[in-house]
Amino acid sequence: MPYQPEYSHRLPASFYCRTDVVQVAKDLLGKKLVTKFDNKPTTGIITEVEAYRAPDDRACHAFGNRRTKRTEIMFQEGGRAYIYLCYGIHHLFNVVTAPEGMAHAVLVRGIEPLEGIETMFQRRGIKPGAKGIIPTKLTTGPGALAQALGLHTHQTGHSLIHPDSEIWIEDRGVIVSENTIDAGPRIGVDYAGECAAWEWRFWLRDSRFVSKGNSSYDSKS
DNA sequence: ATGAAGATCAACT
DNA sequence: GTTGATCTTCATT
């Protein structure tokens, strides 16, 4: 059944705990991702996501329902952060979905910055472009976005629902119709056999803050 | 104890 | 288009 938006609130458990992670991934587009560390809010609209699903998805860390210390978090009830280190450098932020026992997650790959942009530039170690145009590299790509929002592996497992948590997602009432969403294969999962071809990457066609595969917005300074 | 691989990015040529 | 950085996790010895 379709999710009913709630305005001006953290997305509730009922949003995250649905069993169709592909649908949840699409529904996350247009939502507002918020972190508030050290009383510095940084926020942005989610523009690009990928779905991962155990047990049948070979690209998922929990493929075959493999439980390890790292993947354990994905088996918990939806509405938590799963953050892990990639290539020894990048902290990738995922949203855990589905009820307890189903290891599903959505990787957030891009946001359009809204608030706390100064803080994001500082964390990223880059400067604003000419005329105040925000360079897409500020928050495009999962490693970049996590750095801009101050997300780190030590926050893995943190709740997105609990009123005191420092990471959450809001519905601002942005309507994303199906025909403004594009889909394609996930990035960097060529090793995953036939699963590599699944079109479980979704992005807002009209956003600049999308990592690749969208030729009309590539590499414009 | 050891080694291989990885849901990436930036700086090159 | 190619490559180096950098380190945790997991499987194997």
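Naming convention: chains lettered A, B, ... in sequence-line order (proteins, then strands); numbering from 1 in each chain.
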Task: Test item: A/S207 side-chain N/O and A/T47 main-chain N/O as donor-acceptor pair under 3.5 Å - done: no

- [ ] Please name all residues satisfying ring-ring contact (aromatic ring centres under 6.0 Å, His included) with A/F63, sequence neighbours left out, ordered by chain then number.
- [x] none

Task: Nearest-angstrom distance from the residue atom NE2 of A/H154 to C1' of C/dC7 - done: 16 Å

TODO: Using both distances under 3.5 Å as the test, list the Watson-Crick or G-U wobble partner of B/dA7, or none.
DONE: none

Open item on the list: Within the 3.5 Å criterion, strictly below it, is a donor on A/R124 or A/T139 matched to an acceptor on the partner's side chain?
Closed with: no

Open item on the list: Checking A/E194 now: which residues fulfil salt bridge (Lys or Arg N to Asp or Glu O under 4.0 Å) with it, not counting sequence neighbours?
Closed with: none

Open item on the list: I'd like to compare against my own output: the B/S/- annotation of nucleotides 1-13 of chain B with a strict under-4.0 Å heavy-atom distance to protein.
Closed with: -----BBBSS---

Open item on the list: Could you check, using the six-membered ring where one of them is a Trp, whether A/Y84 and A/H61 have ring centers closer than 6.0 angstrom?
Closed with: yes

TODO: Could you tell me whether the side chain of A/R123 and the main chain of A/A148 form a donor-acceptor pair under 3.5 Å?
DONE: yes

Open item on the list: Without decimals, in angstroms, what is the distance between A/H91 NE2 and C/dT8 C1'?
Closed with: 11 Å

Task: Nucleotide opposite C/dT6 in a Watson-Crick or G-U pair, distances under 3.5 Å - done: none

